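All values below come from the heavy atoms of this structure, side chains included, with hydrogens, waters and symmetry mates left out. Here the structure is a predicted model, which means the values were calculated and not measured. Below, read A as the first sequence line, B as the second, and so on, with proteins coming before strands; counting in each chain starts at 1.
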Protein chains: 2
Amino acid sequence: MRKIKVHIADDHQLLIDGIEAVLSSEENIEVVGSSLNGEDVLDWFASNEADILILDINMPKIDGIAVLQSFLKNGIQQKVIVLSSYDDTKLIKEVLKIGASGFLAKKCAGEHIVEAINAIYCNKQYFSESVKDKLLSTFTNNLSSIEEMSKESSFFSSLTPRETDVLKLICKQFNSKEISIALHISTNTVETHRKNLINKLKVKNVVGLAIYAMKNNIV
Amino acid sequence: MRKIKVHIADDHQLLIDGIEAVLSSEENIEVVGSSLNGEDVLDWFASNEADILILDINMPKIDGIAVLQSFLKNGIQQKVIVLSSYDDTKLIKEVLKIGASGFLAKKCAGEHIVEAINAIYCNKQYFSESVKDKLLSTFTNNLSSIEEMSKESSFFSSLTPRETDVLKLICKQFNSKEISIALHISTNTVETHRKNLINKLKVKNVVGLAIYAMKNNIV
DNA sequence: TTTTACATCACTAAAAACCGTTAGAAGCAA
DNA sequence: TTGCTTCTAACGGTTTTTAGTGATGTAAAA
């Protein structure tokens, strides 16, 4: 019998080992590789292949979203199950749009990951219960959700290097003046970057920025 | 042979199942229970016992710190291995002070959890490599670290209910006026709570508050 | 009973953040 | 070349946060 080849990507080795241990009792599933960050995922898939990629969103360097976008850009048809700590509706829609086949919240049980792998291997989709609920409530609460989805697009448009620099320092609780000194630029420039960050990430203030940064492991 | 009884507490069922799967291959270790939040941990330990508690810091309702404090308060001598996504020096020192015997960053490998359980069962301490590095660098960088530790004490002194209310709304990117409306109090009061939060948590501004909230799963 | 912690509100003044808009220079790609 | 993005910078103005200090009522704890 041909086994389903799985690659696991998560920045917590403990979770990788855990999932691997869960899957080891499944006879038709084989873990063929793992990565601790998005860069490693792309490197691995450049010279290897797997049937299914289990991909965490929150990873350092290159995050899960960027990995999916890279697959999309390069026309790689990879079956992906997205893992996330947050079952955020925006996040779910976004990853589905950019090519994920399934979405599992980390709070779901280990058995579901087996179900998800089997379902997606058979070209089905898979969502954990909590995720289904979230999605349904959005559709019932808002009839124009399709338009909204397109508006929400490019929500995860990646930040420029400089914006990332500024964001990191914001999260160190630096104010604009301190950031300007650290980066050797004027405070006006720092404030421009701040404004652009707030607009780009569609948040209201620095708190939104900090939370975005935390959720996306920029900190 | 008597098996080491282990209880696992983490808000991600997937991680619990993973650790359980990792431990299932160990003959001398037995998982006797698990909890998805701090409240469940306290309930469980009220009528059961385990040799070792593997305790995640970031949990909803009652977090890991509060669980440890509760053990301390009630004179319960429980061997605890603390799990955390963040190998923050402050955090490590704090949990050791309030009774943890070991500290594992989630980014460490599954095998280390087995090592940690065995070591702590024999009344030793256990730290993952990254944690050791962090601690050492603090001691070398700062000779007066002992005094600092005592200063840092009560860092995690829990917030009052009202402060928590305000903090939650801050994390929703509400400003003071919006918070005052939401909580039916004056903006002056809201600003007092903000000030107290900033002083109590020893942060510089709202960003520090937001990050604290994220790390402690208040959001 | 006295102290302590908590929640509430107020006033001032300075610092910082936020908003909108404009615009030049550099680099890269169609 | 032209268009696009990024980084840089500036101006003027409004809103919000932060810091410091003080004060009151209430309820629980010592």
Side-chain angles (χ1 to χ4, degrees), chain A residues 62 65-66 69-70 73-75 153-214 218, chain B residues 66 69-70 72-75 153-213 218:
Chain A
I62 300 176
I65 301 285
Q69 284 170 335
S70 170
K73 198 176 169 185
N74 300 309
S153 187
S154 78
F155 180 79
F156 285 96
S157 63
S158 55
L159 306 179
T160 69
R162 210 50 168 168
E163 284 166 351
T164 310
D165 291 340
V166 172
L167 182 51
K168 278 182 184 168
L169 294 176
I170 287 174
C171 291
K172 281 193 178 177
Q173 304 178 51
F174 282 25
N175 63 32
S176 294
K177 197 176 176 185
E178 290 166 335
I179 294 173
S180 76
I181 293 166
L183 298 180
H184 307 292
I185 54 178
S186 108
T187 52
N188 289 316
T189 308
V190 175
E191 307 225 308
T192 302
H193 286 310
R194 287 181 92 112
K195 275 179 282 189
N196 292 340
L197 281 165
I198 289 175
N199 289 331
K200 207 181 253 195
L201 301 175
K202 296 197 182 73
V203 295
K204 278 181 68 182
N205 54 31
V206 259
V207 171
L209 293 183
I211 291 173
Y212 171 89
M214 291 287 289
I218 290 171
Chain B
Q69 285 171 335
S70 169
L72 206 63
K73 196 175 171 186
N74 301 311
S153 185
S154 79
F155 180 82
F156 285 95
S157 63
S158 54
L159 306 179
T160 66
R162 210 49 168 167
E163 283 167 350
T164 309
D165 292 340
V166 172
L167 182 52
K168 279 182 185 167
L169 295 176
I170 286 174
C171 291
K172 280 193 178 178
Q173 305 178 50
F174 283 25
N175 63 31
S176 295
K177 197 177 178 184
E178 290 167 335
I179 295 173
S180 77
I181 294 165
L183 298 180
H184 307 292
I185 54 180
S186 108
T187 53
N188 291 313
T189 308
V190 175
E191 308 212 318
T192 301
H193 286 309
R194 287 180 91 112
K195 277 179 282 191
N196 292 338
L197 281 165
I198 288 175
N199 289 330
K200 207 181 254 196
L201 302 175
K202 297 196 182 71
V203 296
K204 278 182 68 182
N205 54 33
V206 259
V207 172
L209 293 182
I211 290 174
Y212 170 89
I218 291 171

Rounded distance in Å - [atom1] ([X]) to [atom2] ([N]):
X: B:E178; N: D:dT16; atom1: CD; atom2: P; value: 8 Å
X: A:L183; N: D:dT6; atom1: CG; atom2: C1'; value: 15 Å
X: A:L197; N: D:dT6; atom1: CG; atom2: P; value: 12 Å
X: B:R162; N: D:dT26; atom1: CZ; atom2: P; value: 17 Å
X: B:I185; N: D:dG25; atom1: CD1; atom2: P; value: 19 Å
X: B:I179; N: C:dC9; atom1: CD1; atom2: C1'; value: 16 Å
X: A:Q173; N: D:dT17; atom1: CD; atom2: P; value: 16 Å

(message) For the backbone of A:N175 and the side chain of A:E178, can you confirm whether one donor and one acceptor N or O come within less than 3.5 Å of each other?
(response) yes

Least distance between heavy atoms, [X] atom then [Y] atom:
X: A:R194; Y: A:S176; answer: NH1-OG, 2.8 Å
X: B:I211; Y: A:C171; answer: CD1-O, 3.2 Å
X: A:I179; Y: A:V166; answer: CD1-O, 4.1 Å
X: A:A182; Y: A:L169; answer: CB-CD1, 3.9 Å

(request) Identify which nucleotide among D:dT8, C:dA10, C:dC6 has an atom closest to any side-chain atom of A:T189, counting heavy atoms from C-beta outward. (result) D:dT8

(request) Check whether any side-chain nitrogen or oxygen of B:H193 sits under 4.0 Å from OP1 or OP2 of C:dT8, and answer yes or no. (result) yes

(request) May I ask you to decide whether B:D165 forms a salt bridge with B:R162, counting only side-chain N to carboxylate O separations under 4.0 Å? (result) yes

(request) Take nucleotides 12-30 of chain C nucleotide by nucleotide from the 5' end and write B, S or -, depending on whether a protein heavy atom sits under 4.0 Å from the base, only from the sugar-phosphate, or from neither. (result) ----SSBBBB---------

